[in-house]
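See structure below.
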Amino acid sequence: KANPKIALVTGDAYYGYGDFAKAATLYRQGVGNNLADQDTANLRLGMALARSGDKAGAASALNAVKAGPRATLAKYWLAYLGV
């Protein structure tokens with residue numbers, strides 16, 4: 001099984017290239033894995049899903065972001081989605 005920290009970093013690269021679907025696939029490897037920060041994984045997953053057009057999936061991931069500055073960013077993304 002892949003290392004979730006490496007998956008998140010690789011997902012960041014794909015996100016930067018504009019390949020949001022591939023980034024989301026990699027970010028999903030971090031969600032639910034105790035080796036990755038869950039707020040970071042969910043925020044990045046939500047961002048990638050929002051950019052790829054999966055509004056419901058994005059809202060679900062963004063609503064899972066619980067605390068700190070990532071939660072504030074998640075709220076901005078939810079506003080962008082209009083949910």
Side-chain angles (χ1 to χ4, degrees):
K1 190 150 183 159
N3 181 324
K5 291 180 183 180
I6 293 172
L8 290 179
V9 171
T10 307
D12 290 345
Y14 280 108
Y15 186 93
Y17 300 144
D19 192 340
F20 305 117
K22 215 172 242 186
T25 298
L26 289 162
Y27 292 146
R28 279 190 180 98
Q29 293 179 24
V31 173
N33 190 309
N34 63 355
L35 296 177
D37 178 72
Q38 293 305 292
D39 285 338
T40 299
N42 278 303
L43 175 64
R44 292 180 184 170
L45 175 59
M47 291 166 48
L49 292 173
R51 298 291 303 271
S52 66
D54 181 355
K55 188 174 180 178
S60 177
L62 293 167
N63 281 315
V65 180
K66 299 296 180 200
R70 287 174 187 82
T72 302
L73 288 172
K75 288 178 185 172
Y76 283 116
W77 276 95
L78 287 166
Y80 166 79
L81 291 172
V83 294

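Note that these values count all heavy atoms, side chains included, but never hydrogens, waters or copies made by symmetry.
- Listed here is the closest heavy atom pair of A21 and S52: N-CB, 4.4 Å.
- Hydrophobic clustering, with ILVMFWY side chains joined whenever heavy atoms are under 4.5 angstrom apart, keeps Y14 apart from W77.
- Between L45 atom CG and Q38 atom CD the span is 10.5 Å, to the nearest 0.5 Å.
- For the atom pair CG of L49 and OG of S60, the computed distance is 9.0 Å after rounding to the nearest 0.5 Å.
- Here the closest heavy-atom approach between residue A23 and residue A48 is recorded as CB-CB, 4.3 Å.
- Rounding to the nearest 0.5 angstrom, the gap separating the CZ atom in R28 from the CG atom in L8 is 13.0 Å.
- Pairing each heavy atom of G30 with each of A41, the nearest pair is C-CB, 3.9 Å.
- The minimum heavy-atom distance linking A67 with D39 is given by the pair N-OD2, 3.4 Å.
- When all heavy atoms of L81 and A59 are compared, the pair lying nearest together is CD1-N, 3.9 Å.
- Residues T40 and R44 are in side-chain contact: their nearest non-hydrogen atoms beyond the backbone lie under 4.5 Å apart.
- Minimum heavy-atom separation, A58 to A50: CB-N, 3.5 Å.
- Residues L35 and L26 do not share a hydrophobic cluster, clusters being chains of Ile/Leu/Val/Met/Phe/Trp/Tyr side chains in contact below 4.5 Å.
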Steps toward side-chain contact (heavy atoms from CB on, under 4.5 Å) verdict (N3, Q29): CA-CA 8 Å; N3 181 324; Q29 293 179 24; over 6 Å; no
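- Residues L62 and K75 form no side-chain contact, since every pair of their non-hydrogen atoms from C-beta on lies 4.5 Å or further apart.
- Considering V31, N63, D37 as possible partners of N42, the one that fulfils the side chain to side chain contact (heavy atoms under 4.5 Å, CB included) test is V31.
- Relative ring orientation between Y15 and Y27 is described as tilted, the plane-to-plane angle lying within the 30° to 60° band.
- By the rule that hydrophobic residues join a cluster once side-chain heavy atoms approach within less than 4.5 Å of another member, L43 and Y80 end up as members of one cluster.
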